[in-house]
Structure formats: structure tokens, C-alpha cells
Amino acid sequence: MNVKKLSIFFGILAVLIIALVVLNNIKPDTVYGKPSDELYPATRALLNDPNYNNIMIPDVLEEKIKNKESFFVYFFASDCPHCRVTTPQLKPLADELGVNLHQFNLREFEDYFGKMNIEATPTLVYFKDGVESERLKGGLKEGSTDGGNTLDDFKNFFNKHLPEGNS
């Protein structure tokens with residue numbers, strides 16, 4: 001091989017190595033494990049909201065169940081109006097009580113409506129040793145409606161399962 005061919009060969013080799021390194025280091029740009037342009041618009045609107053800062057994805061949920069952990073999961077949908085009212089009050093309550101409140105966005109992982117038997121959002125679930133132990137359906141009571149829960153209902157739910165449910 002002459003010097004010119006050798007230079008071209010090493011040049012191509014260098015470009016291929018750089019391309020492989022770049023491709024191996026590309027990571028999704030959101031906590032949902034996928035780029036933000038693949039998320040629902042309502043989810044994109046919540047990406048910088050501090051009330052949605054403990055997002056759980058399916059792999060993590062499945063791992064916690066498999067490992068027989070005890071933990072809380074707040075199942076919500078990013079476009080759910082009841083969730084939008086509830087989360088800004090529920091998240092600070094959980095923080096105040098020292099609860100590690102995992103948040104699972106069913107709008108991004110819709111098959112989990114069926115997998116977790118979620119009939120409506122929001123739904124708060126407590127898993128004990130990897131098995132669902134109890135759930136609290138519905139968001140905060142709004143106005144004079146009959147449905148919904150009070151902040152005390154949520155507080156009692158958390159306190160009933162602390163400290164063991166704090167993983």
C-alpha cells in the first residue's frame with residue numbers, strides 16, 4: 001500500500017470509530033427513556049414542573065415488584081385535569097411526610113392501565129413486598145362534588161404504610 005491509500009484507510013477508520021462512539025453514547029433526553037419530541041404534548045409541558053420530578057418508567061416499576069420492595073406509586077396521566085389539580089398539593093404533602101412518591105405517567109405507557117388495573121387517574125397505590133396492598137382512587141375533592149379525596153385522606157394513606165413503604 002502506498003502512503004496515500006494508507007492515509008485514506010486510517011481516515012475512514014477514524015471516522016467509523018468516532019461514529020460508533022457517538023452512537024453508543026446517545027441517550028434519550030428525558031426521564032421517560034425517549035426523546036421529548038416523542039412524548040405527548042401534555043407530558044412535554046410537565047418536563048420542568050417540580051411537582052413531577054420523581055417519574056418512574058416501566059422497567060423500574062417491574063424491577064421493584066420483582067425485588068419484592070415496598071413503595072408508593074402515583075399513577076397519573078399528563079392530560080388528566082384531576083391530576084393537574086391533585087399533583088401540586090399531593091407532591092408537597094408527600095415531601096413533607098418524607099414519602100418517596102414514585103410517579104407513573106400512564107399517558108406515556110398506556111398498556112399499564114390494564115396491567116395495573118387502573119380504572120381512572122389519578123390512583124395512588126401502595127405495594128408491600130412487591131404486591132399491591134392498597135389503593136386510593138381519585139384526586140382531590142373539587143368544589144361541591146361527591147367524588148374525590150381530601151388531603152387528610154392522602155395523608156392517612158401515606159402514614160398507614162410508613163416507614164416501610166418508602167423505597
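For N48, the CG atom is loosely surrounded, since the number of other residues' heavy atoms within 6.0 Å does not exceed 12.
If you look at Y52 and F76, their ring centroids are closer than 6.0 Å. A ring-centre distance under 6.0 Å is found for F104 and Y112.
What you find for S133 and K128 is that their closest heavy atoms are CB-CB, 3.9 Å. In terms of heavy-atom proximity, R44 sits nearest to D37 at NH1-O, 3.9 Å.
Judged purely by distance below 3.5 Å, without hydrogens or angles, the side chains of D79 and Y40 never pair a donor atom with an acceptor atom. Donor-acceptor pairing under 3.5 Å is recorded for the side chains of K91 and N53.
L93 and V85 fall into different hydrophobic clusters, where Ile, Leu, Val, Met, Phe, Trp and Tyr are joined by side-chain heavy atoms under 4.5 Å apart, directly or via other members. Taken together through direct or relayed side-chain contacts under 4.5 Å among Ile, Leu, Val, Met, Phe, Trp and Tyr, V31 and F75 form part of one hydrophobic cluster.
Using bins of under 30°, 30° to 60° and over 60° for the plane-to-plane angle, the ring pair H161/F157 lands in the perpendicular bin. Taking the six-membered ring for Trp and thresholds of 30 and 60 degrees, F72 and Y126 have ring planes inclined between 30 and 60 degrees apart.
In this structure, F158 and L90 have side chains that are in contact, with non-hydrogen atoms separated by less than 4.5 Å. When side chains are defined from C-beta on, I118 counts as touching L106, because their heavy atoms get closer than 4.5 Å. By the 4.5 Å heavy-atom criterion applied to side chains, T87 and P122 are not counted as neighbours. Considering only heavy atoms from C-beta on, F113 comes within 4.5 Å of R107 through its side chain.
The closest donor-acceptor contact from the side chain of N159 to the backbone of N156 lies at 3.5 Å or more, if one exists at all. Side-chain atoms of R135 never come within 3.5 Å of backbone atoms of L124 as a donor-acceptor pair (strictly under, hydrogens ignored). Judged by distance alone, with hydrogens and angles left aside, the side-chain atoms of N149 form no donor-acceptor pair with the main-chain N or O of K141 at under 3.5 Å. Remark: side-chain polar atoms of T86 are paired, donor with acceptor, to backbone N or O of L140 under 3.5 angstrom. Side-chain atoms of T43 do not come within 3.5 Å of backbone N or O of L39 as any donor-acceptor pair. A donor-acceptor pair is defined here as one N or O able to donate and one able to accept, closer than 3.5 Å; no such pair exists between the side chain of E108 and the backbone of A77. Counting only distance, with no hydrogens or angles, the side chain of S70 and the backbone of D129 share a donor-acceptor pair below 3.5 Å. Panel note: side chain R84, backbone S78; a donor-acceptor pair is recorded below 3.5 Å.
Here I57 contributes atom CD1 and E62 contributes atom CD; the two are 11.0 Å apart, rounded to the nearest 0.5 Å. We find the CE-CD distance between M56 and Q103 to be 10.0 Å, quoted to the nearest 0.5 Å.
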Inset, instruction - Take K160 and E134 through the test salt bridge (Lys or Arg N to Asp or Glu O under 4.0 Å) and record every step on the way to the result. - result: CA-CA 10 Å; K160 181 177 181 181; E134 186 176 2; 3.1 Å; yes
Inset, instruction - Check the pair N105 / Y32 against side-chain contact (heavy atoms from CB on, under 4.5 Å), numbers first and verdict last. - result: CA-CA 9 Å; N105 187 348; Y32 289 93; 3.2 Å; yes
